[in-house]
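Notes follow once the structure below has been shown.
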Amino acid sequence: MPTILGQNQYGKAENRVVKITRDGATHHIKDLNVSVALSGDMDDVHYNGSNANVLPTDTTKNTVFAFAKEHGIESAEQFGVHLARHFVTSQDPIHRARIRIEEYAWERIETSGEAKHSFVRKGQETRLTQVTYDGESWEVVSGLKDLTVMNSTDSEFWGYVKDRYTTLKEAYERILATSVSSRWRFNWTDDAREMPDWDASYARVRQHMLRAFAETYSLSLQQTLYQMGSRVIEECAEVDEIRFSLPNSHHFLVDLEAFGLKNENEVYFASDRPYGLIEATVLRDGCEPRIPVDLTNL
């Protein structure tokens, strides 16, 4: 045979499940986008078209919704763990399950009455997780995207390499802004250890990430990135690795001299493209990197 089958997986992508928990007049929302990918003994279906080992993707979709009812959704990570364990342990041909989840946050609309069932979608970041299980060990990589942050001062950029094509002026006072995309890997890998408190961990990672951004006097976005990652690793014992992709959202001073006005670091043009893109991984000493370099594939 001139060709052979390589890595393969299948499943149902982007199952939108919304779980409402009713605690009397007070309701709670979990809004997830769940993608299932399964792999294992799938040679025959590719070579011969035999579906004997194939769990239909429609079944994986139904499982997502049934588990939302049967198990509830404590957190995106916990829900992913339930699903991954089920697919690997209930189907002999399935050797590995990967569950990717996006979580969309809602906040309660406060009213003068007692009813607490109205919500507004938060316009901040999207929470992410990927849970992978092979029947023996777990890998949980969580993260976020579209967390937009800005420092209106305490940022400089100077002393860089200059050549014949360099026109950028050195800046000793500038805006530093970015939209954070980040993934972090937990060191929980087997059922013998106690699972992290996923929600508390997410809040803690996010808090330290933001504090480091705010408290770093930045001479480069690279420096700020490293401080953000270092703070998370130092303060969150459950995390061994964190990767960032940070677009530098450039803000350029507008030349107002034509109008007889002096721009004293007050009026800026926000440029959305092109943008500098700063990416790096920060690791706990002694740990090997496992988060993919290209976050678009995670």
Side-chain angles (χ1 to χ4, degrees), residues 102-107 109-110 119-128 143-184 202-203 205-232 235 242-282 291-298:
E102 294 184 350
E103 179 175 351
Y104 311 114
W106 295 79
E107 60 184 359
I109 299 174
E110 297 300 330
F119 301 84
V120 60
R121 173 80 174 266
K122 284 187 177 180
Q124 298 186 49
E125 81 275 8
T126 298
R127 179 173 169 177
L128 309 166
L144 54 81
K145 64 179 180 179
D146 301 328
L147 178 63
T148 303
V149 293
M150 174 190 288
N151 282 333
S152 58
T153 189
D154 287 353
S155 176
E156 305 177 17
F157 188 60
W158 52 272
Y160 44 81
V161 173
K162 302 176 182 68
D163 67 12
R164 60 181 294 196
Y165 303 110
T166 301
T167 59
L168 184 69
K169 295 181 179 179
E170 293 188 333
Y172 297 87
E173 170 67 32
R174 69 169 184 168
I175 285 176
L176 183 68
T178 187
S179 181
V180 180
S181 181
S182 179
R183 309 289 188 276
W184 52 88
Y202 180 85
V205 170
R206 184 181 184 277
Q207 177 189 59
H208 288 297
M209 188 186 299
L210 289 176
R211 284 185 177 177
F213 177 83
E215 294 171 3
T216 299
Y217 191 105
S218 180
L219 299 177
S220 67
L221 185 51
Q222 288 92 330
Q223 176 196 16
T224 299
L225 180 156
Y226 185 75
Q227 291 300 315
M228 293 167 70
S230 295
R231 184 83 66 96
V232 170
E235 299 294 338
I242 184 166
R243 182 165 180 82
F244 292 95
S245 180
L246 303 183
N248 197 336
S249 303
H250 300 298
H251 288 68
F252 299 109
L253 279 170
V254 179
D255 185 356
L256 301 176
E257 290 185 1
F259 317 120
L261 301 172
K262 186 176 181 180
N263 193 351
E264 298 180 306
N265 296 317
E266 298 169 284
V267 181
Y268 296 83
F269 167 66
S271 174
D272 62 348
R273 60 179 59 88
Y275 52 85
L277 183 60
I278 312 303
E279 299 178 298
T281 299
V282 181
I291 298 175
V293 169
D294 186 356
L295 293 184
T296 61
N297 292 322
L298 178 61

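Keep in mind that the numbers below use all heavy atoms, side chains included, and drop hydrogens, waters and symmetry copies. As the structure is a computational prediction, the values presented were derived from the model and not from experiment.
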query = Has the side chain of H250 got a donor or acceptor atom that lies under 3.5 Å from a matching backbone atom of G276?
reply = yes
ask   = More than 12 non-hydrogen atoms from neighbouring residues, nucleotides or ligands closer than 6.0 Å to CZ on F252, yes or no?
value = yes
query = Salt-bridged, E170 to K162, with N to O below 4.0 Å?
reply = yes
inquiry  = Against the six-membered ring of Y202, is R127 placed for a cation-pi contact (under 6.0 Å from the centre, within 45° of the normal)?
reply    = yes
task = Of all the heavy-atom pairs spanning I291 and R183, show the shortest one and how long it is.
result = CD1-O, 3.4 Å
query = Does the D255 side chain pair with the main chain of A258, one donor and one acceptor, at a distance under 3.5 Å?
reply = no
query = Going by atom types alone, do S245 and E279 pair a side-chain donor with an acceptor below 3.5 Å?
reply = yes
Closest contact, heavy atoms only, E173 versus S152 = OE2-O, 3.7 Å
key: N-O pairing of E257 and K262 below 4.0 Å   = no
key: Within 6.0 angstrom of Y226 OH, more than 12 heavy atoms from elsewhere   = no
request  = Using a strict 4.0 Å threshold on nitrogen-to-oxygen distance, state whether R121 and E107 make a salt bridge.
outcome  = no
Any donor-acceptor N/O pair, Q207 side chain to A203 backbone, under 3.5 Å = no
inquiry  = Could you report the tightest heavy-atom contact between P247 and Y275, atom names first, then the distance?
reply    = CB-CD1, 3.6 Å
inquiry  = Under 3.5 Å, is there a donor on one side chain and an acceptor on the other for Q124 and R206?
reply    = yes
note = Minimal heavy-atom distance between D163 and Y165, with the atoms involved, is OD1-N, 2.8 Å
task = Taking all non-hydrogen atoms of both residues into account, name the closest pair between L225 and V282 and its distance.
result = CD2-CG2, 4.4 Å
ask   = Got R243 and V293 here, is their nearest side-chain heavy-atom distance under 4.5 Å?
value = yes
message = Are L144 and L128 packed together at the side-chain level, in the sense that at least one heavy-atom pair is separated by less than 4.5 angstrom?
response = no
task = Determine, step by step, whether R174 and L176 satisfy the side chain to side chain contact (heavy atoms under 4.5 Å, CB included) criterion, reporting the C-alpha distance in whole Å, the side-chain angles of both residues, the deciding distance to 0.1 Å, and the verdict.
result = CA-CA 6 Å; R174 69 169 184 168; L176 183 68; 3.8 Å; yes
remark   = What one should report as the nearest heavy-atom pair of N151 and T216 is ND2-O, 4.5 Å
request  = Kindly determine whether M209 and R231 satisfy side chain to side chain contact (heavy atoms under 4.5 Å, CB included), including the steps that lead there.
outcome  = CA-CA 7 Å; M209 188 186 299; R231 184 83 66 96; over 6 Å; no
